*Asks:* 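Pasting a structure below so you can have a look.
Keep in mind that this is a model prediction, so the values were computed, not measured. Residue numbering restarts at 1 for every chain, and letters A, B, ... go by the order of the sequence lines.
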4 protein chains.
Amino acid sequence: MDQVTGKTTVRQRLVETATRLFYENGYRATGINEVIREAGIAKASFYAHFKTKEDLLVTCLEQRHNQMMAQVQAFIADARSPAERVRRLFVWLGDPQSCGSRGCPYLNMASEFQDAGSRVREVVRWHKCSFRNMLRDILALHFMGKSKTTEQVEQAAEELYLLLEGALAASPVHCCSWPVETALRIAEDRFQLGG
Amino acid sequence: MDQVTGKTTVRQRLVETATRLFYENGYRATGINEVIREAGIAKASFYAHFKTKEDLLVTCLEQRHNQMMAQVQAFIADARSPAERVRRLFVWLGDPQSCGSRGCPYLNMASEFQDAGSRVREVVRWHKCSFRNMLRDILALHFMGKSKTTEQVEQAAEELYLLLEGALAASPVHCCSWPVETALRIAEDRFQLGG
Amino acid sequence: MDQVTGKTTVRQRLVETATRLFYENGYRATGINEVIREAGIAKASFYAHFKTKEDLLVTCLEQRHNQMMAQVQAFIADARSPAERVRRLFVWLGDPQSCGSRGCPYLNMASEFQDAGSRVREVVRWHKCSFRNMLRDILALHFMGKSKTTEQVEQAAEELYLLLEGALAASPVHCCSWPVETALRIAEDRFQLGG
Amino acid sequence: MDQVTGKTTVRQRLVETATRLFYENGYRATGINEVIREAGIAKASFYAHFKTKEDLLVTCLEQRHNQMMAQVQAFIADARSPAERVRRLFVWLGDPQSCGSRGCPYLNMASEFQDAGSRVREVVRWHKCSFRNMLRDILALHFMGKSKTTEQVEQAAEELYLLLEGALAASPVHCCSWPVETALRIAEDRFQLGG
DNA sequence: AATGAATGAGTGTTCATTCAT
DNA sequence: AATGAATGAACACTCATTCAT
């Protein structure tokens, strides 16, 4: 939304439409024509804003990252303890409303860009590292005063990250909640989250 | 290979070529033309063997499943204990030779077929369940005589499955071995695999 | 024309249509759509026969070269002397029926491919050299027994070539016959063509 | 340059940039976007100065004509005789610095505007006639006192024009200097330019 | 069983031009 | 006088699929 006029800008409409379509149908299965039709924008206007379709995707992923990080932070913000914050991560993950039921948009896109040096893969890597860092910060609080080395905290973050990633990957395949529950169970035992 | 004539059949050449290309470049990024060119088959011959491109993919995934299950079974076969068999699962997973460094081909394909009822998603689900059942059978042996209920074994299988899935998803993003090592560490502690 | 069936092949229809359109409107001003519409061919069929639009052009130029050389040879064939053959070259050049009134198709195309290494420029150069060699062979006969060195014949060929080129370039600009007549006049004097 | 402010005007920057780009790449191969980008001008500003792209080209050709005529006049001005002036025309023609190595910009443009009534073709014709007239004026001086009729001088002008045109057309095809040298040799003999 | 030739509908991208400001 | 944003139509090219042989 443009803060002054209150109208969504052309660029923003394109990003939002594309974010949705790329997630729902995949990158290659989504044509520029579909994006501009649903956004109600002329084709040449699209190319005035984005050099290529891949550029659009990169922008979508970057923007989605920011929104998602804000969302998840908000979702866990009012927890009473770091432990509960971790538990709420799994709740957030399991909620199709917040997280989408078609798996991780970043992993999905990465699967269509296998070229090692691709900009898309870079964004995906950056997003995942960013997410893992957030986990580390939460766990650092949780372990405070429990005489853990920095390295131990890092390792715990990687473990938690891996559990969440496993749940995220398995959920859309099986279309049910046991992956999230299973990952949470492991995390609770391993990091003494238990209430 | 045709067991009698010793020649690879046309159909088999198509499946093998497509399996490779779909995995390396993705489903939509791989054209029929590319497949038949690399397989050295005429286009109309292709459509004599497969109704559609999607049919080819389904066949590829089914066939790969069988090969992969056989491979992994062979890889862990000569382990001295169920615990070591589990550990070797992670070795196998971490070896790009055996498992490919572009992530799980089934998850990759699923990301391009988001339609819930798609035959591709069915195959993926079937493959993953099948794999999880194999894990359950291994763990059942490992827990034998340790007074575990059937349900407990099932849960352990789901946990192990989830750890492997997490490692499989995270590996190609970060292009290094810590995901597999991290997943193994959790598994060793949780299932007392340690030697 | 296919000699057996008596039908023009798809490829040949494309080449003939494109040769005409490229000459009438220029290379970039002629779209693939226009070519295939006038040839009555589907777009994908076009790309089954030619890798790119530029490929089509190269083929057109090569084919036109062969036809044109044959035509001009036929046109001057029944002359009674080499000198008359040279004079008939100018007649042929001045006849819009035989040579086209839009200038030299090779020079025209070259002007749209300024990149030094372009394949189109190569074909143009090859065509022009080929033509000059034909002139040299005619002049060699004309000068036979007049004690001219090989080098002198070569020089005369270059001079004749240059006169023809000048006439070819000037004609479509001024849309009248004086360039050809002027070039012929110079040639007659310089090479003693006069009857 | 604006004589008062010392700044190149917007219009002039557009003309100069376009003149260069049209010559280097051709008319249709040069987009408006490229012109305005390299000129550093907004698109709408362009259309404030020129009705269409073709208008811009016409302006470019007109302006270039004036510059070129002035240049060539300056180049031959300090020659000691009309004969040397003619010889210097060929020197000027053969110098890529002065004349460009991509052939005659007017012939090049004409090849992209085959429509007989096109304004571009008109400008080209006007330019060429203008040039031929200049040649006639030089030759008139050269032949002064040699009892030549007006008609004979006109014919000589056409001959000289044709030789220059031939050299201009052949040079960029063969990328070497023999066309100019050949044309000069013919001219020297024919018009007794020799010193 | 296998093929060479052909296709309609689509792809991503660029074009010269206009309009509201 | 100058602009940033937008556009419809066209561009060269590729797609998965079919058909006559």
*Asks:* How many Å lie between NZ on B:Lys43 and C1' on F:dC15, as a whole number?
*Replies:* 8 Å
*Asks:* With DNA chain E as reference, determine whether A:Arg28 or D:Ala29 sits nearer its 5' end, using the nearest nucleotide of each.
*Replies:*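 The 5'-side residue here is A:Arg28.
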*Asks:* Could you tell me the separation between the CZ atom of C:Arg102 and the CG atom of C:Asn108, rounded to the nearest 0.5 Å?
*Replies:*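 So the gap between those two atoms works out to 9.5 Å.
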*Asks:* When the distance from CD of A:Glu34 to P of F:dC15 is rounded to whole Å, what number comes out?
*Replies:*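 Atom CD in A:Glu34 sits about 19 Å away from atom P in F:dC15.
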*Asks:* Check the distance between E:dC15's P and D:Glu112's CD and give it to me in whole angstrom.
*Replies:* 14 Å
*Asks:* If I take atom CZ in residue D:Phe50 and atom C1' in nucleotide F:dA1, what distance separates them, rounded to the nearest angstrom?
*Replies:*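 About 14 Å, once rounded to whole Å.
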*Asks:* Checking the side chain of C:Tyr47 only, and the main-chain atoms of C:Thr52 only, is there a donor and an acceptor separated by less than 3.5 Å?
*Replies:*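 Looks like no, no N/O pair under 3.5 Å.
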*Asks:* Quick one: on DNA chain F, does D:Ile41 or A:Arg11 contact a more 5' nucleotide (nearest heavy atom)?
*Replies:* D:Ile41
*Asks:* Would B:Gln63 and B:Glu16 count as having a side-chain donor-acceptor pair, cut-off 3.5 Å?
*Replies:*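 Not at all, the side chains of B:Gln63 and B:Glu16 share no donor-acceptor pair under 3.5 Å.
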*Asks:* Verify, without hydrogens or angle tests, whether C:Tyr106 (side chain) and C:Leu61 (backbone) share a donor-acceptor contact under 3.5 angstrom.
*Replies:*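 Between the backbone of C:Leu61 and the side chain of C:Tyr106 there is a qualifying donor-acceptor contact (under 3.5 Å).
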*Asks:* Return whichever of C:Tyr27 or B:Thr52 has its heavy-atom-nearest nucleotide of DNA chain F closer to the 5' end.
*Replies:* C:Tyr27
*Asks:* Write down the distance between CG (C:Asn33) and P (E:dC15), rounded to a whole number of angstrom.
*Replies:* 17 Å
*Asks:* In whole Å, I'd like the distance from the NZ atom of B:Lys53 to the P atom of F:dC15.
*Replies:* 8 Å
*Asks:* May I have the distance from A:Tyr47 (atom OH) to E:dT11 (atom P), rounded to whole angstrom?
*Replies:* 11 Å
*Asks:* What's the closest nucleotide to the C:Ser45 side chain, out of F:dT7, F:dT17, E:dA6?
*Replies:*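 Selected nucleotide (nearest to the side chain): E:dA6.
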*Asks:* Would you call the rings of A:His65 and A:Trp126 parallel, tilted or perpendicular, taking 30° and 60° as the class edges?
*Replies:*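 Ring orientation, 0 to 90° scale: tilted.
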*Asks:* On DNA chain E, check which nucleotide each of C:His49 and D:Lys51 is closest to and give me the residue with the more 5' one.
*Replies:* C:His49
*Asks:* Is D:Ala48 touching bases, backbone alone, or none of the nucleic acid, heavy atoms closer than 4.0 Å?
*Replies:* nothing
*Asks:* May I ask you to decide if D:Gln114's main-chain N or O and C:Asn25's side chain share a donor-acceptor pair within less than 3.5 Å?
*Replies:* no
*Asks:* Rounding to an integer number of Å, can you tell me how far C:Asn25 CG sits from F:dA10 P?
*Replies:* 15 Å
*Asks:* For B:Arg20, is there an ion pair with B:Glu38 - N to carboxylate O distance below 4.0 angstrom?
*Replies:* yes
*Asks:* Using a 3.5 Å limit on both pairing distances, list the dot-bracket string of DNA chain E from the 5' end; Watson-Crick and G-U wobble pairs count, crossing pairs take [ ], interstrand pairs take |.
*Replies:* .||||||||||||||||||||
*Asks:* Among the nucleotides E:dT17, E:dT14, F:dT3, which one has an atom lying closest to any side-chain atom of A:Ala44?
*Replies:* E:dT14
